[in-house]
Amino acid sequence: MLAEMRIQGLGVIEDALLELHPGLTVVTGETGAGKTMVVTGLHLLSGGRSEASKVRAGAAKATVEGRFEGIDASGDRAPTIVTDAGADMDEDGSVIALRSVGADGRSRAHLGGRSVPVGVLGDLAEQLIAVHGQNDQLKLLRAAQQRAVLDRFAGDPVTTPLAEYRRIRREWLDVITELEERSSRSRELAQQADMLRHGLAEIESVAPEPGEDTELTEQVKRLSAVDELREAASAASAAVSGATDGEPDVPGALGLLAEARRRLSAADDTVLRDLEPRLAEAATLLSDVGAELTGYLDGLEADPARLEQILARQSDLKKLTRKYAADVDGVLAWADDARERLAGLDTSDEALGELAARRDELAGQLAAHAEAVSTARRAAAADLASRITTELAGLAMGQAEVELVVGAKTADEADPHALTVAGQRVHAATDGVDEVELVLKAHSGAQPMPVHKAASGGELSRVMLAIEVVLAHADPVQTLVFDEVDAGVGGRAAVEIGKRLATLARTHQVLVVTHLPQVAAFADRHLVVDKGTAEGITRSGVTVLDPGHRVDELARMLAGLDDSEAGRAHAEELIATADTYKSDPAPRGAGTPGSTSRAGAKAAGAKGAAAKGAGSDTTARRKASPAASSGGKKTSGKSATEKKSGARDRT
């Protein structure tokens, strides 16, 4: 989970420290105070796109620093990312991530004190944080996004056959492409094949051997210089073995060694006699060299016919090396490649028939996998629609019904990726043959319609939240961020949204940027972004509210007045209602998601560990705000991340 985040020089925020609760943290503030900068900071920390325009005027750079706890509880991927990046974890298992954006637009990223590519932060954040903003409502209107939501909910029953479907589809498309190319370019391919066959025939007629050109060059040198070689070998042989006519004045090295051995053997001194065996070894070596020189001379004969034959062979090889490669080995490599290419240029009826048969075989396999994916999607769609409908009932949409319609993408006659599945001609796309549409029946008298036509802005927000609540336990991330997904909602529906977020916070860390007091009342920790002006410069900071100042903030949000007694009374009532709801271990009407998900259990474990250290809500607030009895605490000064590892100094 994200334990704390520090923002400096970002937008209107000069310097702010956000200490986040393991449960539900809400961020409120006046319009324009800079609440959105909190989400912008999270996007930067998650490897999002950087913009120089977000850097505070007059600041050299904007910096966002976050400390993540419970990395080991977030699955196998997150610790691997940290380790592979060479990052260092603190003793408590936390890791510090930092992102900076200069006024010139240049961005830098650090993880665990190490400089890393921005993509590493993105990979890590993908395992730890899910940010849901108002733009996600627009994404929900897209068919592809609705299918992605369904696949995310279904999990392995869809992803496993879908992965196999994609593998077979790639091979199927390759065969289709090759078949079409061979059929449409038969004349051109036939010409290429003739050229390759001609080259192979020419090479095979010469039949070169590997390294033959080098060997022939050596033979030519030897035969062309036979007289010089004989003179050199004869002189060397005479020096070793002596003159061939046996002249005593030219004894050779072997004769001299024999004389030396004789004299040493006859000496009375043992030191001299001990040298004789070493001379014997030298004499043996010289005898071998002499024998080899004699053999060389015996085989060294002038052979003009052989020389002419070798030169002719060299000429044949040079014809090949001029056409196909720099040497004989390269020519042989070209021939191997040509044989492979020739196999792919076969445009005969037999070859085309084999490709067509392979295409049809793969199409049958692909159709089977596509049907398996569709079956799994339809089963998951019914379950997901039922759960979303149940959640909407708790969000003041009791008469609303949701249906996820899974249908086939019909293929037209000209579709190159058409596939027959269960007797129907469909389009085989990357994600299967299905179209998924989210259909909403807003009330009992309404006609079922696509969600973007049937839902108002507020209803769309509630549908989005209901989906996230249902999918939360299928999502491995520990931290969920909601950026004003309650826009366009009020009254009882707003209270129900607060309940849902509080329920979600039982198993996940939840951060909500909201303008609704009904939602803020359910906070485990309440942060306010407030702004002030000094010397004509607007500055914003973040304050952790104590219980008393929470009432003031909720009253302001309710009545728009700081000193409204009616607003304060209403605020106190909201907080009391929220506290009662949160203290109930199994609140009725909460739409509490099931707890069988491994991801949810893992996130709950991470949250529980963090909460154990934080103590009760009140204790946590007191720890976060030493001045709880005298007002809110303005966060400034050094963050805990700086104290623990000095990450800011390292950057």
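The structure presented is a predicted model; accordingly, all values stated were derived computationally and were not measured.
The closest donor-acceptor contact from the side chain of Gln509 to the backbone of His21 lies under 3.5 Å. A donor-acceptor pair under 3.5 Å links the side-chain atoms of Gln478 to the main chain of Gly70, judged by distance alone. Remark: side-chain polar atoms of Arg99 are paired, donor with acceptor, to backbone N or O of Gly48 under 3.5 angstrom. In this structure, Glu401 contributes its side chain and Lys441 its backbone to no donor-acceptor pair below 3.5 Å. The backbone N or O of Val101 lies less than 3.5 Å from no partner atom in the side chain of Ser107, so there is not a single donor-acceptor pair. Between the side chain of Lys323 and the backbone N or O of Val331 there is no donor-acceptor pair closer than 3.5 Å. One N or O on the side chain of Arg169 and one on the backbone of Ala428 form a donor-acceptor pair closer than 3.5 Å. Remark: the backbone N or O of Leu24 is paired with a side-chain donor or acceptor of Asp524 at under 3.5 angstrom.
Side-chain contact between Val510 and Val512: present, with at least one pair of heavy atoms (C-beta onward) separated by less than 4.5 Å. A 4.5 Å side-chain heavy-atom check between Ile71 and Leu128 finds at least one atom pair inside the cut-off. At least one side-chain heavy atom of Val38 sits less than 4.5 Å from a side-chain heavy atom of Met5. With contacts defined as side-chain heavy-atom distances shorter than 4.5 Å, the pair Thr514/Leu501 does not qualify. Residues Ile467 and Val149 form a side-chain contact, since some pair of their non-hydrogen atoms from C-beta on lies under 4.5 Å apart. Taking 4.5 Å as the limit, every side-chain heavy atom of Phe153 sits out of range of all side-chain heavy atoms of Ile388. You'll find the side chain of Leu150 stays beyond 4.5 Å of the side chain of Arg147, heavy atoms only. Using a 4.5 Å heavy-atom cutoff, the side chains of Gln424 and Val433 are not in contact.
Rounding to the nearest 0.5 Å places CE of Met1 at 4.5 Å from CD of Glu69. The distance from the CG atom of Leu111 to the CE atom of Met89 is 8.5 Å, given to the nearest 0.5 Å. With rounding to the nearest 0.5 angstrom, the CG atom of Leu200 is 9.0 Å from the CG atom of Asp336. A distance of 12.5 Å separates CZ in Arg359 from CD in Glu178, rounded to the nearest 0.5 Å. Atoms CG and CD, on Leu465 and Glu391 in that order, are 8.0 Å from each other to the nearest 0.5 Å. Residue Ile203 holds its CD1 atom at 7.5 Å from CG of Leu332, rounded to the nearest 0.5 Å.
Counting only residues at least two apart or on different chains, the side-chain hydrogen bond (donor to acceptor under 3.5 Å, both in side chains) pairs with a member in residues 42-51 are Glu51-Ser53.
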- Give the C-alpha distance, both sets of side-chain angles, the deciding distance and a yes or no for side-chain contact (heavy atoms from CB on, under 4.5 Å) between Thr503 and Val469. CA-CA 9 Å; Thr503 301; Val469 171; 5.9 Å; no
- Applying side-chain contact (heavy atoms from CB on, under 4.5 Å), run through His198 and Met195 and close with a yes or a no. CA-CA 5 Å; His198 175 75; Met195 292 176 62; 5.7 Å; no
- Item | side-chain contact (heavy atoms from CB on, under 4.5 Å) assessment of Ile497 paired with Gln518 | CA-CA 8 Å; Ile497 287 177; Gln518 295 93 331; over 6 Å; no
- Task: Kindly indicate, with the supporting measurements, whether the criterion side-chain contact (heavy atoms from CB on, under 4.5 Å) is fulfilled by Phe68 and Ile129.
- Result: CA-CA 10 Å; Phe68 292 94; Ile129 301 176; 3.6 Å; yes
Return a table of donor-acceptor pairs under 3.5 angstrom between the side chains of residues 375-383 and protein atoms on other chains or two or more places apart.
unit_1, atom_1, unit_2, atom_2, d
Thr375, OG1, Glu371, O, 2.8
Arg377, NE, Asp151, OD1, 2.9
Arg377, NH1, Asp431, O, 2.9
Arg377, NH1, Asp434, OD2, 3.0
Arg377, NH2, Asp151, OD2, 2.9
Arg377, NH2, Asp431, O, 2.8
Asp383, OD1, Arg387, NE, 3.3

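We find that Glu496 and Arg500 are joined by a salt bridge, their nearest charged nitrogen and carboxylate oxygen being less than 4.0 Å apart. Note on Arg77 versus Glu126: no salt bridge recorded, every NZ/NE/NH1/NH2 to OD/OE distance being 4.0 Å or above.
Residue Gln399 comes nearest to Ser444 through the heavy atom pair OE1-N, 3.6 Å, listed as atom of the first residue, atom of the second, then distance. Taking each heavy atom of Lys582 and Phe522 in turn, the nearest pair found is NZ-O, 3.3 Å. The two atoms that bring Gly432 and Lys409 nearest to each other are O-NZ, 4.4 Å, heavy atoms only. The two residues Ala87 and Arg114 come nearest to each other via the heavy atoms CA-CG, 4.0 Å. Ala97 and Leu45 get closest at one heavy-atom pair: O-CD1, 3.6 Å. The nearest pair of heavy atoms linking Leu511 to Leu42 is CD2-CD1, 3.6 Å.
The aromatic rings of Tyr324 and Trp334 are tilted relative to each other, their planes meeting at an angle between 30° and 60°.
The only member of Val439, Leu440, Val402 that meets side chain to side chain contact (heavy atoms under 4.5 Å, CB included) when paired with Pro448 is Val439.
Partners of Asp412 according to the salt bridge (Lys or Arg N to Asp or Glu O under 4.0 Å) rule, which considers only residues two or more places apart in sequence or in another chain, do not exist here.
The environment of CD in Glu204 is crowded: more than 12 heavy-atom neighbours from other residues, nucleotides or ligands sit within 6.0 Å.
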